[in-house]
Protein chains: 2
Amino acid sequence: MSVRKTPSSGSAADRSAAKRRIYEQFARIGKALGSATRLELLDLLSQGERSVEALAREASLEMASASQHLRALAAARLVETRREGQRIVYRIADPSVVALFHAVRAAAKAQLAELDSVAQAYLQREDDFEPIDQSELARRLRDGTVVLIDVRPPEEFAQGHIRGAINVPPGDVSAWAAKAPRKKEIVAYCRGPYCVYSMDAARTLRAKGLRVRALPDGVNEWGAAGRPVARTATHGGRS
Amino acid sequence: MSVRKTPSSGSAADRSAAKRRIYEQFARIGKALGSATRLELLDLLSQGERSVEALAREASLEMASASQHLRALAAARLVETRREGQRIVYRIADPSVVALFHAVRAAAKAQLAELDSVAQAYLQREDDFEPIDQSELARRLRDGTVVLIDVRPPEEFAQGHIRGAINVPPGDVSAWAAKAPRKKEIVAYCRGPYCVYSMDAARTLRAKGLRVRALPDGVNEWGAAGRPVARTATHGGRS
DNA sequence: CTGACATTCAATTGAGTTATTGAGTAATGG
DNA sequence: CCATTACTCAATAACTCAATTGAATGTCAG
């Protein structure tokens, strides 16, 4: 065993041990991403912080199960927690985590098309509504020729939305149709490309004779492209 | 159970099943990333395609073990294969996979600093050599005031390198020092921020009295920033 | 067709992961 | 202080994954 004494460069064994540790750190992150449940929780959290109870409800999980998965995400440092009275609020630890989730989604995109027709059918947005892209929407928002609706729960809207959007929560779409402007085109968006709130809203509105298109992105994709995001001042849960 | 008959929108059960399938597709990718060994293989492959035998050797794995992990990566569609005579050559399936690997690395970066001092010690580049950044290097390459050396095996150099770099494989650094220009500053780079070939080379060259700095990026990071990458025409393995 | 080589497959064993259940803990309101 | 709510922890059983071994497959050189 030739052990070099040079302080700055360790032995070959030290090296490969260190290299292994580095890859093991990376693998911690990978492991945390290796569960559909945890990815769903991450996706929800990417739309805004939430309590364990809210996450369990939205992902249809047992409280204990949600808690365990969230602990796992926290152990991988993908999320952080904060106590707020009786609740523990989880949030994404760093913008790089949202970017990571998007990278996974991008890598999965091709295979979804290829080998899961059920999922594809569920997502057929293009077939029903001509999608609008970010740059066209940005231009038309400036021109004032569209009305942009954010079809998500108010809590998510408050934590960040496309500047200029108005919040029409999923349950309120029908009611909102009555007072919707009939002259302008309506653009609906929700959480992102795999979220169907905006499509549902578009179907509902079109059935009432309105002109609607859908933006396939969410507020994170919009923000990641450097476009303006607004957030409503929160008054902390229900304090 | 109210089952809607509308063809375009399925029942609530269909929905949540479809949503689950989507997250399960994402999780396939996550699972593939959940092993230090597979991440090391991906990292090697991001530097260029290789046979199973070459990968097993470079990652110090049994042939069968390397093959199984590579099959797992292939099942997640992160890598593809091609037969070349008796060998099977694996390669990254899509640029989005390299981006995914980089996203994992970025998310892991903070924790490495925080909770693995062994790995940190191994990587202490800044302490020894003033790092150069991409834009400074690009400028000085244009000016011709630096000599850029690519400290990787020739096969990797051939498959893609920073335009203007000359290849000095890890074992040849000492020999190359003799004919290295003494007037210009030397910049060394290798696979990327977690690769130590360039640091080793820099130490060796500095011990011989040369002026050396290190670029912490590899060819993928350089290329991802839209900077020019060159590749040498391959003549296909050993055909 | 045979032997050599690179790779994959199959079967085994041990280790790690998941969902579930029930108990334990921290903050709040009375 | 007690009850309640929100959450976490511990223990279990079912399941999945990893490393290893040896056999099987595909290709090439003769």
Side-chain angles (χ1 to χ4, degrees), chain A residues 16 20 23-24 26-42 44-45 49-76 78-91 155 236-239, chain B residues 16 20 23-24 26-42 44-45 49-76 78-91 155 236-239:
Chain A
S16 82
R20 183 120 287 259
Y23 286 116
E24 266 155 19
F26 295 175
R28 270 162 103 97
I29 308 249
K31 284 207 181 78
L33 300 176
S35 140
T37 304
R38 282 195 293 271
L39 287 166
E40 182 167 7
L41 292 169
L42 264 190
L44 286 168
L45 286 170
E49 58 178 34
R50 280 171 175 75
S51 67
V52 179
E53 179 266 328
L55 287 161
R57 182 163 28 79
E58 292 190 64
S60 316
L61 294 172
E62 296 290 325
M63 189 75 168
S65 191
S67 174
Q68 278 189 194
H69 282 294
L70 288 164
R71 294 318 304 151
L73 289 170
L78 299 181
V79 302
E80 294 172 340
T81 60
R82 166 167 58 86
R83 185 174 269 280
E84 200 157 89
Q86 287 171 262
R87 335 209 138 166
I88 307 275
V89 175
Y90 278 78
R91 63 176 178 278
E155 301 80 34
R238 56 161 69 174
S239 69
Chain B
S16 83
R20 184 119 285 259
Y23 286 116
E24 266 155 19
F26 295 174
R28 270 163 103 97
I29 309 249
K31 285 207 181 78
L33 300 175
S35 140
T37 304
R38 281 194 293 272
L39 287 165
E40 182 167 8
L41 292 170
L42 264 190
L44 286 168
L45 286 170
E49 57 178 34
R50 279 171 176 76
S51 66
V52 179
E53 180 265 328
L55 288 161
R57 182 164 29 78
E58 292 190 65
S60 314
L61 294 172
E62 296 290 325
M63 190 74 170
S65 191
S67 175
Q68 279 190 199
H69 281 295
L70 289 164
R71 294 316 306 149
L73 289 170
L78 299 181
V79 302
E80 295 172 341
T81 60
R82 165 166 59 84
R83 185 174 269 280
E84 200 157 89
Q86 286 169 262
R87 339 212 134 161
I88 307 278
V89 175
Y90 278 79
R91 62 174 178 279
E155 302 80 34
R238 56 161 68 177
S239 68

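Chain naming here is simple, since letters A, B, ... match the order of the sequence lines and numbering starts at 1 in each. Keep in mind it's a predicted model, so treat the numbers as computed, not measured.
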How many whole angstroms separate atom [atom1] of [X] from atom [atom2] of [N]?
| X | N | atom1 | atom2 | result |
| --- | --- | --- | --- | --- |
| Leu61(B) | dA19(D) | CG | C1' | 11 Å |
| Ile88(A) | dG24(C) | CD1 | C1' | 15 Å |
| Arg57(B) | dA6(C) | CZ | P | 10 Å |
| Leu55(A) | dT8(D) | CG | C1' | 15 Å |

How far apart are the C-alpha atoms of Glu80(A) and Arg82(A), what are their side-chain angles, what is the distance that settles it, and do they pass the salt bridge (charged side-chain N to carboxylate O under 4.0 Å, His left out) test?
-> CA-CA 7 Å; Glu80(A) 294 172 340; Arg82(A) 166 167 58 86; over 6 Å; no

Do Gln68(A) and dA10(D) share a donor-acceptor pair, side chain to base, under 3.5 Å?
-> yes

Is a donor-acceptor contact shorter than 3.5 angstrom present between the side chain of Gln86(B) and the base of dC5(C)?
-> yes

With a 4.0 Å cut-off on heavy atoms, is Ala72(B) in touch with a base, just the backbone sugar-phosphate, or nothing at all?
-> nothing

Report which part of the nucleic acid Ala66(A) touches: base, sugar-phosphate, or nothing (heavy-atom distance under 4.0 Å, all strands).
-> nothing

Quick check: does any side chain N or O of Arg83(A) sit under 3.5 Å from a backbone N or O of Gly85(A), one acting as donor and the other as acceptor?
-> yes

Just N and O in the side chain of [X]: are any of them under 4.0 Å from OP1 or OP2 of [N]?
| X | N | value |
| --- | --- | --- |
| Ser67(A) | dC7(D) | no |
| Arg83(A) | dA6(D) | no |
| Tyr90(A) | dA6(D) | no |

Can you tell if the side chain of Thr81(A) reaches within under 4.5 Å of the side chain of Leu70(A), non-hydrogen atoms only?
-> no

Taking every heavy atom of Met63(B) against every heavy atom of Glu53(B), the minimum-distance pair comes out as SD-CA, 4.0 Å

